[in-house]
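Worksheet for the structure shown next.
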Amino acid sequence: MKLMHTKLPEFIAKMKKAVVKYFPDRGIEIRGLENLQYAKMQSLRTGRIEEAVEEIAAKENISKVEIDVIPRIPETMHTVLIKGVDKNGQTQKIILEVINILHPTEEALFDGCREIEDRRPPVGLH
């Protein structure tokens, strides 16, 4: 399984490296991964995203690359753990709840861009 996944810090490093491959002064901003600490990414998809970042960064009129990672399914269900912790740092009680989070779809981030190339496979076939 180790060879099939890319650890989050390595994913971020690969994206940064892909941006400066042709133009060392290009910047990158990655949003949507701030709350992840221990995630692993699919290696095949990491490579495809890395190539797409290089393709965008190689264009002459680009000064910065922005990556937004959003859920593909706009409504996601999450477990919420509410913990009671004592003064020694020991968890005394946990209540589990659930919450649906409604995310904006990708159209909310298009910023009026007319050249959009959708390389995603159909949902469930990735």
Between CD on residue Glu106 and CD1 on residue Ile70, distance to nearest 0.5 Å
5.0 Å
Can you measure from NE2 (His5) to CE (Met41) and round to the nearest 0.5 angstrom?
11.5 Å
Do His103 and Ile73 have side chains that approach each other closer than 4.5 Å (heavy atoms only, starting at C-beta)?
no
Is any side-chain heavy atom of Phe23 closer than 4.5 Å to one of Glu60?
yes
Can you list, pair by pair, the side-chain donor-acceptor contacts under 3.5 Å of residues 81-92, counting residues two or more places apart and other chains?
residue: Asp86; atom: OD1; partner: Asn88; partner atom: N; Å: 2.9
residue: Asp86; atom: OD1; partner: Gly89; partner atom: N; Å: 3.1
residue: Asp86; atom: OD1; partner: Gln90; partner atom: N; Å: 2.9
residue: Asp86; atom: OD2; partner: Gln92; partner atom: NE2; Å: 2.9

Applying a strict under-4.5 Å side-chain criterion to I, L, V, M, F, W and Y, I'd like to know whether [X] and [Y] cluster together.
| X | Y | answer |
| --- | --- | --- |
| Val80 | Ile94 | no |
| Ile62 | Ile30 | yes |
| Leu36 | Ile49 | yes |
| Val69 | Leu8 | yes |

Work out which heavy atom in [X] is nearest to a heavy atom in [Y]; give both atom names and the distance.
| X | Y | value |
| --- | --- | --- |
| Lys14 | Thr46 | CD-CG2, 3.8 Å |
| Pro121 | Arg72 | O-NH2, 2.8 Å |
| Ala57 | Ala18 | CB-O, 4.4 Å |

Can you list the steps and then say if Leu33 with Phe11 is a side-chain contact (heavy atoms from CB on, under 4.5 Å)?
CA-CA 11 Å; Leu33 302 175; Phe11 175 86; 3.9 Å; yes
Could Glu29 and Lys16 be called an ion pair, given the rule that one side-chain N must be under 4.0 Å from one carboxylate O?
no
Between Lys64 and Glu66, does any NZ, NE, NH1 or NH2 come within less than 4.0 Å of an OD or OE carboxylate oxygen?
yes
List the steps, then state whether side-chain contact (heavy atoms from CB on, under 4.5 Å) holds for Leu109 with Asp111.
CA-CA 6 Å; Leu109 302 172; Asp111 297 328; 5.7 Å; no
side-chain hydrogen bond (donor to acceptor under 3.5 Å, both in side chains): pairs with one or both residues in residues 17-26, sequence neighbours excluded
Lys21-Glu54
Full working for side-chain contact (heavy atoms from CB on, under 4.5 Å) between Met15 and Ile28
CA-CA 8 Å; Met15 297 309 122; Ile28 184 169; 3.8 Å; yes
So does Thr105 get a backbone contact from the side chain of Glu107, meaning a donor-acceptor N/O pair under 3.5 Å?
no
Any donor-acceptor pair under 3.5 Å linking the side-chain atoms of Thr76 with those of His78?
yes
Crowding at CG, Asp118 (>12 non-hydrogen neighbours, <6.0 Å):
yes
Show your reasoning for whether salt bridge (Lys or Arg N to Asp or Glu O under 4.0 Å) applies to Arg45 and Glu50.
CA-CA 8 Å; Arg45 291 285 162 201; Glu50 189 176 4; over 6 Å; no
